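As the structure is a prediction and not an experimental result, all values here were calculated from the model.
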Amino acid sequence: MASCSIEDVLAKAERDEAEKLRSITVNKELDLEFDPGSLLAFDKNRIDTREFKDSKGEDFLRSLARDNTQLLINEIWKLPTEKVEEVIVAKLPDPTTPLPREKPAPKPKPPTKWEQFAKLKGIQKKKKNNMVWDEVHKEWKRRWGYKRANDDTKEWLIEVPQTADPNEDQFAKRNKAKKERVARNEYNRLKNIARAQKIKVPGTGLAPTARQSKSELAQAVSIAKKSTASVGKFQENLPKEKTPRNTGKKRKFQPLIGDFSSEKQKQLDLLKVMDSKKPRLDITKAVNKQMREEDKESSQKSKKSFGKKGRKGNMSGKGKGKAGGKGKGPKGKGPKGKGRKPQMKQGKR
């Protein structure tokens with residue numbers, strides 16, 4: 001029994017070794033169709049069902065997958081190759097088989113304000129080298145980030161400007177300015193995200209910028225007024241200050257679900273008005289309408305009387321003659337028709 005078991009073990013070892021050292025040449029009745037760009041191989045050969053049943057299904061499928069993979073690798077090695085970092089790499093062509101996606105393709109990100117401005121002005125982005133020369137340490141360092149070149153925040157000595165306060169801490173001032181820049185960049189990044197998602201950004205007063213626009217200042221003033229206990233009810237306007245938009249009274253609608261008794265009473269009152277033969281008269285509205293009509297009639301009468309008086313006054317004069325006289329004629333500004341050229345009457349001389 002012991003000798004038999006040893007022989008079985010040796011035979012199995014030989015089979016395993018032969019399986020590992022199988023030839024790279026695989027014979028198929030029909031040639032496989034390959035798509036090297038997608039690393040696909042299509043096997044159209046018929047599967048022998050008797051062989052599949054006689055041997056275990058897993059062993060048969062494993063052997064079939066091994067042969068097809070070997071054929072795919074042989075096809076890949078037929079492509080042009082190159083050596084990259086001591087490794088031989090094959091250049092794959094473009095895939096020809098359309099493969100369905102599990103999820104929809106990602107939508108392109110909407111452009112930021114700077115990208116829109118650059119496209120409008122024709123500004124092209126130029127890629128900069130990440131490494132720059134540091135004059136202080138005499139070595140190449142990163143342009144941005146940790147341990148960057150020419151980092152002014154790591155200086156141990158700062159020159160105080162002539163216009164600055166000599167007792168002011170320049171190091172603290174520089175750190176504060178850096179924090180403000182970081183906060184402003186983060187604020188702009190969040191605004192871009194909100195604009196891309198079409199979300200309205202709430203008002204936050206003044207942004208930490210050197211100069212504020214007119215609209216930003218007006219928005220900051222309105223927010224400061226509303227921050228009082230009375231919500232800006234007793235705050236006086238500044239000189240030449242315009243009232244901000246969308247600050248009037250808002251329409252209030254009745255709730256859809258609420259007091260059904262009041263809604264029922266309103267509907268009954270409306271039916272009474274519609275059913276009554278006598279029209280419902282608003283006395284205040286009727287009086288105002290009558291007063292407007294009377295004012296309109298009186299203004300029209302005054303205009304007519306003023307026009308008639310003006311025409312009579314233009315014809316008045318002391319002289320009775322048509323061509324001469326001391327009175328003002330229709331063709332002259334002053335006496336004797338001064339101010340205009342004399343005109344001759346057409347006819348016989």
**Q** Within this structure, what is the CG-CD distance for the pair L217 and E241, rounded to the nearest 0.5 Å?
**A**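 L217 atom CG to E241 atom CD measures 11.5 Å (nearest 0.5 Å).
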**Q** Got a donor-acceptor contact below 3.5 angstrom from the S63 side chain to the F60 backbone?
**A**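 Judged by distance alone, no pair lies under 3.5 Å.
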**Q** Testing E294, R292, Q300 one by one against K296 for a side-chain contact (heavy atoms from CB on, under 4.5 Å), which residue passes?
**A**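 Answer after filtering E294, R292, Q300: Q300.
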**Q** Side chains of K44 and D31: closer than 4.5 Å at any heavy-atom pair?
**A**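 Heavy-atom side-chain distance check fails, nothing below 4.5 Å.
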**Q** What distance separates N68 CG from K28 NZ, expressed to the nearest 0.5 Å?
**A**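 Reported value, rounded in 0.5 Å steps: 4.5 Å.
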**Q** If you compare all heavy atoms of R62 against all heavy atoms of D59, which two are closest, and at what distance to 0.1 Å?
**A**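 The pair with the smallest heavy-atom distance is NH1-OD1, 3.0 Å.
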**Q** Take a 6.0 Å sphere around CD of E29 and say whether it holds more than 12 heavy atoms from other residues, nucleotides or ligands.
**A**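 Not more than 12 within 6.0 Å, no.
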**Q** Start with the C-alpha distance between F234 and T228, add both sets of side-chain angles, then the distance that settles side chain to side chain contact (heavy atoms under 4.5 Å, CB included), and finish with yes or no.
**A** CA-CA 9 Å; F234 303 105; T228 57; over 6 Å; no
**Q** Considering non-hydrogen atoms only, spot the tightest contact between L30 and N45 and give its length.
**A**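 Closest approach of L30 to N45, heavy atoms only: N-OD1, 2.8 Å.
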**Q** Any Lys/Arg nitrogen of R189 or E186 sitting under 4.0 Å from an Asp/Glu carboxylate oxygen of the other?
**A**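 Yes, charged N to carboxylate O under 4.0 Å.
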**Q** Between M291 and V287, is any pair of side-chain heavy atoms under 4.5 Å apart?
**A**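 Touching, per the 4.5 Å side-chain cut-off.
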**Q** Tell me if the CG atom of L271 is crowded by more than 12 foreign heavy atoms within 6.0 Å.
**A**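 Yes, because the 6.0 Å sphere around CG of L271 holds more than 12 heavy atoms from other groups.
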**Q** Only counting residues at least two apart or in another chain, list the ones meeting ring pair (Phe, Tyr, Trp, His ring centres under 6.0 Å) with F171.
**A**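 Partners of F171 under the ring pair (Phe, Tyr, Trp, His ring centres under 6.0 Å) test: none.
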**Q** How long is the straight-line distance from CG of D134 back to CZ of R148, given to the nearest 0.5 Å?
**A**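 Rounded to the nearest 0.5 Å, the CZ-CG separation comes out at 11.0 Å.
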**Q** Give a yes or no on whether K121 atom NZ has more than 12 heavy-atom contacts from other residues, nucleotides or ligands under 6.0 Å away.
**A**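 No, NZ of K121 has 12 or fewer neighbouring heavy atoms, counting only those of other groups under 6.0 Å.
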**Q** What are the two closest heavy atoms between D295 and S298, and how far apart are they?
**A**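 Nearest pair, atom of D295 first, then S298: O-OG, 2.8 Å.
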**Q** Looking only at heavy atoms, what is the nearest atom pair of Y146 and R142, with distance?
**A**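 Minimum heavy-atom contact is O-NH1, 3.5 Å.
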**Q** List the atom of K147, the atom of K141, and the distance in Å for their closest heavy-atom pair.
**A**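 So the minimum-distance heavy-atom pair works out to O-CD, 3.8 Å.
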**Q** Report whether L64 and L40 are members of the same hydrophobic cluster (ILVMFWY, side-chain heavy atoms less than 4.5 Å apart, transitive linking).
**A**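 They do not share one cluster, since no chain of ILVMFWY contacts under 4.5 Å joins L64 to L40.
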**Q** Hey, is CD1 on I283 packed in by over 12 heavy atoms from elsewhere, all under 6.0 Å?
**A**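 Open.
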**Q** Are D275 and K272 ion-paired here, with the side-chain N under 4.0 Å from a carboxylate O?
**A**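 Answer for the salt bridge query: no.
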**Q** Taking all non-hydrogen atoms of both residues, which atom of L72 and which atom of L39 are closest, and how far apart?
**A**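 Where L72 meets L39 most closely, the heavy atoms are CD2-O, 3.7 Å.
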**Q** Atom CG in N188, atom CZ in R195: separation rounded to 0.5 Å?
**A**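 The CZ atom of R195 is 11.0 Å from CG of N188, to the nearest 0.5 Å.
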**Q** Sequence neighbours left out, cut at 3.5 Å: what donor-acceptor pairs do the side chains of residues 99-119 make with other protein atoms?
**A**
residue	atom	partner	partner atom	Å
R101	NE	K103	O	3.0
T112	OG1	E115	N	3.4
E115	OE1	T112	N	3.1

**Q** To the nearest 0.5 angstrom, please state how far the CG atom of L32 sits from the CG atom of N74.
**A**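 Atom-to-atom, L32:CG and N74:CG are 11.0 Å apart.
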**Q** If we ignore hydrogens and angles and just use 3.5 Å, is the side chain of R143 paired with the main-chain N or O of A149 as donor and acceptor?
**A**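 A pair under 3.5 Å: no.
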**Q** Which value, rounded to the nearest 0.5 Å, describes the distance between Q70 atom CD and I73 atom CD1?
**A**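 Q70 CD to I73 CD1: 5.5 Å, rounded to 0.5 Å.
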**Q** Just do the salt bridge (charged side-chain N to carboxylate O under 4.0 Å, His left out) check on K266 and D269 with the steps written out, would you?
**A** CA-CA 5 Å; K266 288 181 181 179; D269 294 341; over 6 Å; no
**Q** For D35 and S38, test the side chains for any donor-to-acceptor distance below 3.5 angstrom and give the result as yes or no.
**A**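 On atom types as modelled, these side chains qualify, holding a pair under 3.5 Å.
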**Q** Is there a path of hydrophobic side-chain contacts, each under 4.5 Å between heavy atoms of I/L/V/M/F/W/Y residues, joining W133 to M131?
**A**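 Result: yes, single cluster for both.
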**Q** Should the heavy atoms of other residues, nucleotides or ligands under 6.0 Å from CD of E293 be counted, would the total exceed 12?
**A**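 Yes, because the 6.0 Å sphere around CD of E293 holds more than 12 heavy atoms from other groups.
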**Q** Under 3.5 Å, which donor-acceptor pairs link side chains of residues 75-84 to any protein atom two or more places apart or in another chain?
**A**
none

